[in-house]
Amino acid sequence: MTDDQPPAWAIAVRKRAQEEAPTVPEATVQATEYSVNCLDGEHLDNHLFEIRVQYRGAGRYAVIRGGQMCLGSDGTWDYGVKEYDRGDDWLNAHRFDLDTALKLAKEQAPLVTVNGHTVSDAIARQKRRADRDD
């Protein structure tokens with residue numbers, strides 16, 4: 001075996017997968033995450049103002065902000081996005097069907113603030129940068 005060649009076990013597994021491929025079910029495709037944002041993709045601070053809608057199984061989605069906060073059905077953000085030891089009541093208040101999750105995320109997107117800056121502040125800052133660079 002040379003340094004640029006995979007180990008024998010990897011070659012054997014790959015060969016077995018090719019042989020078994022015709023017998024396995026057809027692959028499915030599912031969108032598991034959506035990005036919701038009032039800032040366009042070219043904006044420097046885009047990721048800071050982003051809200052994500054993430055699939056969490058059983059046809060339910062979470063609305064996540066900053067990887068740390070999870071939106072509840074009452075419109076408030078709860079710290080912690082994982083359901084560890086939260087129970088069914090918490091899950092039912094923080095998991096939604098896709099249409100509801102996207103609707104809630106779109107309602108919350110204009111309200112995002114980062115370090116005291118609103119979406120409008122971020123847009124104005126980006127415009128000032130663009131004007132300065134012209």
CA sep, side-chain torsions, deciding dist, call: D99, K103, salt bridge (charged side-chain N to carboxylate O under 4.0 Å, His left out): CA-CA 6 Å; D99 290 341; K103 177 182 171 286; over 6 Å; no
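- You'll find the ring centres of Y61 and Y55 inside the 6.0 Å limit.
- Of all the heavy atoms in A101 and F96, the pair that sits closest is N-CB, 3.8 Å.
- Residues meeting the side chain to side chain contact (heavy atoms under 4.5 Å, CB included) test with A10, sequence neighbours left out: P6, P7.
- Residues V36 and E50 have side chains not in contact (no heavy-atom distance under 4.5 Å, counting atoms from C-beta outward).
- Q30 CD: more than 12 foreign heavy atoms inside a 6.0 Å radius.
- Side-chain contact, Q54 with R56: a donor N or O sits under 3.5 Å from an acceptor N or O.
- Judged by distance alone, with hydrogens and angles left aside, the side-chain atoms of T113 form no donor-acceptor pair with the main-chain N or O of G116 at under 3.5 Å.
- Side-chain contact between W90 and C70: present, with at least one pair of heavy atoms (C-beta onward) separated by less than 4.5 Å.
- Crowding of D133 atom CG: a count of heavy atoms from other residues, nucleotides or ligands under 6.0 Å exceeding 12.
- Within the model, atoms NZ of K15 and CD1 of I11 stand 11.5 Å from one another, a figure rounded to the nearest 0.5 Å.
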Verdict with supporting geometry, N46 and D40, side chain to side chain contact (heavy atoms under 4.5 Å, CB included): CA-CA 7 Å; N46 182 18; D40 66 37; over 6 Å; no
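- In this structure, D121 contributes its side chain and T118 its backbone to a donor-acceptor pair below 3.5 Å.
- Residues L111 and L104 are members of separate hydrophobic clusters, defined by side-chain heavy-atom contacts under 4.5 angstrom among Ile, Leu, Val, Met, Phe, Trp and Tyr.
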CA sep, side-chain torsions, deciding dist, call: R65, V112, side chain to side chain contact (heavy atoms under 4.5 Å, CB included): CA-CA 9 Å; R65 170 104 202 286; V112 173; 3.1 Å; yes
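- Here the closest non-hydrogen pair linking R95 and A62 is NH1-CB, 3.4 Å.
- Put simply, Y79 and W77 are part of the same group of oily side chains (I, L, V, M, F, W, Y) that touch within less than 4.5 Å, one to the next.
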D78/H94 under side chain to side chain contact (heavy atoms under 4.5 Å, CB included): CA gap, chis, key distance, verdict: CA-CA 9 Å; D78 193 7; H94 293 83; 3.6 Å; yes
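- Distance alone, capped at 3.5 Å, places no donor-acceptor pair between the N37 side chain and the I51 backbone.
- A distance of 10.0 Å separates CD of Q108 from CE of M69, quoted to the nearest 0.5 Å.
- Contact record, V119 with A109: CG2-O, 3.5 Å, taken as the closest heavy-atom pair.
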